Amino acid sequence: MAKVALQLPSPPKSQFTVLEGNGKVSLIDTNGHSQGELPNVNYNVVHTTPGRLRFRLPRLRCDADYAKRLEVLLTADALVKNVRVKPAAMSVAVTYKSDKVSDAKMRSHLHDLIQAASVVVVLKNSTSLSETEKEPSWPGLQLSAVATTLAVLGGPLGLPIPPLIVALPIAIATLPVVQRAWEGIRVERKLNIDFLDLMAIAITTLQGQFLTPSLMLGLIEVGENIRDRTARSSAQQTLDLLSSLGQFVWVERNGDKQQIPIQDVQRGDTVIVYPGEQVPVDGSILRGKALLDEQKLTGESMPVLKKTGQPVFASTLVREGRIYILTERVGNDTRAGQSIKLMQEAPVHDTRMENYATKFAQKAVVPTLLLGGAVFAATRNPSRAASVLTLDFATGIRVSVPTTVLAALTYAARRGILIRSGRALEQLAEVDTIVFDKTGTLTKGEVDVVSVESLNPATSRLRVLELAAAAEQRLTHPVAEAIVRYAEAEQVEILPRSKWDYQLGLGVQALIDGETVCVGSDRFLRSNGIDTEALNGLQKSPNSAIYVGSNGQLQGIIKYSDLLRPESREVITALSTVEGVEIHMLTGDNKRTATAVAAQLGILPTHTHAEAFPEQKATVVRQLHEQGKTVAFVGDGINDSPALAYADVSVSFANSSEIARETADLVLMQNDLHGLLEAIAIARQAKQLIRQNTGLVAVPNLGALIIAVLFGLNPLAATVVNNGSTVVAGINGLRPILKSRHQKALPSAR
């Protein structure tokens with residue numbers, strides 16, 4: 001049983017101990033302090049049924065660390081079966097073991113956890129299962145090291161070691177080489193590099209020159225281990241849409257509301273979705289209305305108001321309101337499910353680097369064998385033939401190329417760039433076209449205030465902002481939150497509101513500082529008796545707007561937009577001018593919005609694709625690929641996953657949707673587009689190093705080969721040349737890692 005301590009820093013001096021067993025954890029207050037000692041975290045219970053509670057917790061939106069701590073505590077609790085934390089909706093849904101605890105006690109227990117999460121600190125982590133469930137690996141390196149030691153002791157040092165004792169570890173260590181050589185003959189119908197290695201090892205071993213095969217085996221194992229580490233498994237895990245939507249849904253059957261497992265929902269069922277929950281099916285609204293966040297599915301940055309009769313889609317989030325949905329499609333038949341299916345049907349590429357260096361090495365196998373045979377036929381000297389086989393170019397390339405790739409991947413990881421495979425690195429170096437999704441990729445993916453303007457000479461700009469922020473405070477609509485954030489940044493006082501009435505999709509009316517204030521659409525202001533004729537003379541802008549009125553008069557306008565990332569212009573300019581890359585932009589937004597954003601970034605109208613659904617995004621990527629271009633796609637949502645899967649290189653962010661992250665070949669862990677520029681530079685440097693290493697291996701081996709054919713060369717000398725060039729090329733391939741260490745050392749050296 002693993003023990004994990006969670007300590008509350010003083011004050012208060014309380015400590016919680018977590019005891020783990022059978023995959024579950026229980027939480028105990030060891031000091032017996034009352035819950036009143038903990039800092040108060042405000043929340044309210046939104047919905048409750050036997051075995052399930054849902055809270056509204058405002059702190060989740062503004063404190064990501066608190067949200068993570070709370071999720072850890074709830075997940076670890078022995079009484080909790082399932083947890084869904086939605087910071088964007090300020091929602092926490094907890095399913096618990098109602099057969100083991102009463103509803104009242106569980107509510108009290110959850111209260112303690114909600115308060116404790118504000119100050120809890122993890123002191124010690126439990127033992128990871130991965131540490132105890134590692135697969136056994138072939139001890140090839142150990143065997144070759146033993147063989148080399150015995151060969152040195154029995155050879156240069158002259159100790160009386162029986163040849164059989166030295167040959168035995170060599171024979172065992174050679175088994176993987178034999179297996180790969182046999183598979184090449186049986187499956188691929190050709191003699192591969194492993195067959196060449198096997199011949200050289202066999203000849204030198206039979207001649208009693210044990211040091212040569214031992215060193216060869218050591219380098220072969222090093223190369224294989226590094227190569228395996230740079231490979232990405234081709235076995236893709238099935239991405240099940242249902243697993244990302246929670247385990248239970250509310251349905252209305254025969255007039256009764258009941259909670260059922262999501263897999264039991266059928267076409268024709270009436271599904272009920274509450275605020276903070278994801279829509280689990282595709283269908284149409286029977287009754288109710290709601291503000292739906294569809295960004296991860298459609299790329300639209302602003303929530304959409306949906307009413308009776310309008311369609312809704314699985315994986316979208318209900319921000320406000322409650323809706324009853326007539327189920328039309330479930331699971332993988334939904335639009336989100338089809339996006340995942342389209343992604344899974346994308347071609348799976350080879351998981352190992354396929355570059356000119358390894359292909360060159362493979363093509364050299366048969367000529368080397370023929371040359372070795374010719375030397376033996378002419379000289380009847382097996383040592384000279386073994387020397388030719390030893391100078392095979394292959395070992396150096398097999399070691400230096402993966403070493404270079406591993407060094408590049410390691411260096412990239414240290415720079416906050418996760419490149420999943422050697423193939424992705426190779427393709428990234430060749431990229432000549434990059435397709436960007438707009439929302440959440442080139443833009444921030446959240447609403448920000450662009451400007452506040454007064455339309456009444458008697459009212460200042462700050463007064464307009466003051467009234468709007470006071471009316472919108474504590475509302476969960478993205479525009480309301482953006483206005484309050486902007487007011488706080490401008491150091492505007494948030495006035496109290498005494499009476500207020502919020503109308504979903506229209507606006508809010510509130511009594512503030514003795515004034516009746518309306519904030520919302522122009523239609524909402526007109527319905528409250530405010531003259532909006534002054535808006536007719538305003539010049540239209542690509543930004544959206546919300547209007548502010550008070551005491552029957554129009555006071556001002558607040559413009560807002562999904563702003564560009566600060567680095568987007570710079571990165572796009574660098575890619576198109578310095579790197580010579582062709583830039584395209586895809587978005588689910590309308591053409592006017594897409595064109596305005598593209599103009600700000602300098603992207604050509606012909607390369608701007610608006611109103612693009614997931615299947616259309618994948619089509620654009622495929623068409624560019626068919627034109628002979630090497631395409632990278634950068635996106636972050638479920639709607640981007642098909643395009644990510646069809647691209648030569650797919651790029652996403654650490655804070656992207658889970659499906660986008662798992663599909664991507666390259667993940668920018670810092671959530672900054674500058675990482676893409678750096679990744680391309682790293683990939684191109686790795687490609688240059690591979691070419692250098694090929695030369696470092698080929699030139700000395702070719703020179704030694706000529707000497708071996710014409711004059712003869714001792715197999716040990718041939719091994720020294722072959723392995724020496726391999727070591728030099730390997731060290732050269734490590735330059736990215738050495739460079740990163742040097743960069744880290746610079747600050748301390750000053």
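Computed from a predicted model, the values in this text were never measured in an experiment.
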Query raised in the report: Are the aromatic rings of Tyr96 and His109 close, with centres under 6.0 Å apart?
Result: no
Query raised in the report: Does any non-hydrogen side-chain atom of Phe633 lie less than 4.5 Å from one of Leu586?
Result: yes
Query raised in the report: Is there a donor in the side chain of Gln509 and an acceptor in the side chain of Lys499, or the other way round, less than 3.5 Å apart?
Result: no
Requested in this report: Quick one: list whatever passes ring-ring contact (aromatic ring centres under 6.0 Å, His included) with His607, sequence neighbours left out.
Outcome: His584
Report task. Could you walk me through whether Gln278 and Lys86 pass side-chain hydrogen bond (donor to acceptor under 3.5 Å, both in side chains), step by step? Result -> CA-CA 10 Å; Gln278 281 183 300; Lys86 301 286 183 184; 3.2 Å; yes
**Report entry** Nearest heavy-atom neighbours spanning Ala679 and Leu666
**Finding:** CB-CD1, 3.6 Å
Query - Within-4.5 Å side-chain heavy-atom neighbours: Lys68 and Pro87 - result: no
Report task. Give a yes or no on whether Lys257 atom NZ has more than 12 heavy-atom contacts from other residues, nucleotides or ligands under 6.0 Å away. Result -> yes
Requested in this report: Would you check if Asp437 and Leu442 make a side-chain contact, meaning some heavy-atom pair closer than 4.5 Å?
Outcome: no
Query raised in the report: Do Asp282 side-chain atoms and Thr334 backbone N/O form a donor-acceptor pair below 3.5 Å?
Result: no
Requested in this report: Quick one: closest heavy-atom pair of Val484 and Ala469, and the distance?
Outcome: CG2-O, 4.0 Å
Requested in this report: Go through the steps for Asp103 and Arg107 under the test salt bridge (charged side-chain N to carboxylate O under 4.0 Å, His left out), then give the verdict.
Outcome: CA-CA 6 Å; Asp103 295 338; Arg107 184 180 293 198; over 6 Å; no
Query raised in the report: Does Arg565 make a cation-pi contact with Phe653 (under 6.0 Å, within 45 degrees of the axis)?
Result: yes
Requested in this report: Ignoring hydrogens and angles, state whether a donor on the side chain of Asp562 or Thr443 is under 3.5 Å from an acceptor on the partner side chain.
Outcome: yes
Query raised in the report: Going by atom types alone, do Glu328 and Ser284 pair a side-chain donor with an acceptor below 3.5 Å?
Result: yes
Query - Donor-acceptor contact present, side-chain Thr270 to main-chain Ile325, <3.5 Å - result: no
Report task. Please report the shortest heavy-atom distance between Ala471 and Arg497, naming the atom on each side. Result -> O-NH1, 2.6 Å
Query - Side chain Gln258, main chain Val251, donor-acceptor under 3.5 Å - result: no
Query raised in the report: Taking atom types as modelled, is there a side-chain donor on Tyr502 or His477 under 3.5 Å from an acceptor on the other?
Result: no
Query raised in the report: Taking the six-membered ring of Tyr66 as reference, does the NZ or CZ atom of Arg59 fall below 6.0 Å from its centre and within a 45° cone about the axis?
Result: yes
Query raised in the report: Does the side chain of Met106 come within less than 4.5 Å of Leu79's, by heavy atoms?
Result: yes
Requested in this report: Report the residues that fulfil side-chain hydrogen bond (donor to acceptor under 3.5 Å, both in side chains) with Glu570, sequence neighbours left out, ordered by chain and then residue number.
Outcome: His674
Query raised in the report: Would a 4.5 Å heavy-atom cut-off, applied to side chains only, mark Ile417 and Ile419 as touching?
Result: yes
Query raised in the report: Does Ser568 use its side chain to pair, donor to acceptor, with the backbone of Leu564 at less than 3.5 Å?
Result: no
Requested in this report: Begin from the C-alpha positions of Lys591 and Glu611 and carry the test salt bridge (charged side-chain N to carboxylate O under 4.0 Å, His left out) through to its verdict.
Outcome: CA-CA 7 Å; Lys591 194 166 185 177; Glu611 300 175 356; over 6 Å; no
Requested in this report: Using distance alone, with no hydrogens and no angle criterion, decide if Asp665 and Ser650 have a side-chain donor and acceptor under 3.5 Å apart.
Outcome: yes
Report task. Would you check if the side chain of Thr532 reaches a backbone N or O of Leu535 as a donor-acceptor pair within less than 3.5 Å? Result -> no
Report task. Before accepting this row, confirm whether a basic side-chain N of the pair Arg52/Glu277 lies closer than 4.0 Å to the acidic partner's carboxylate O. Result -> yes
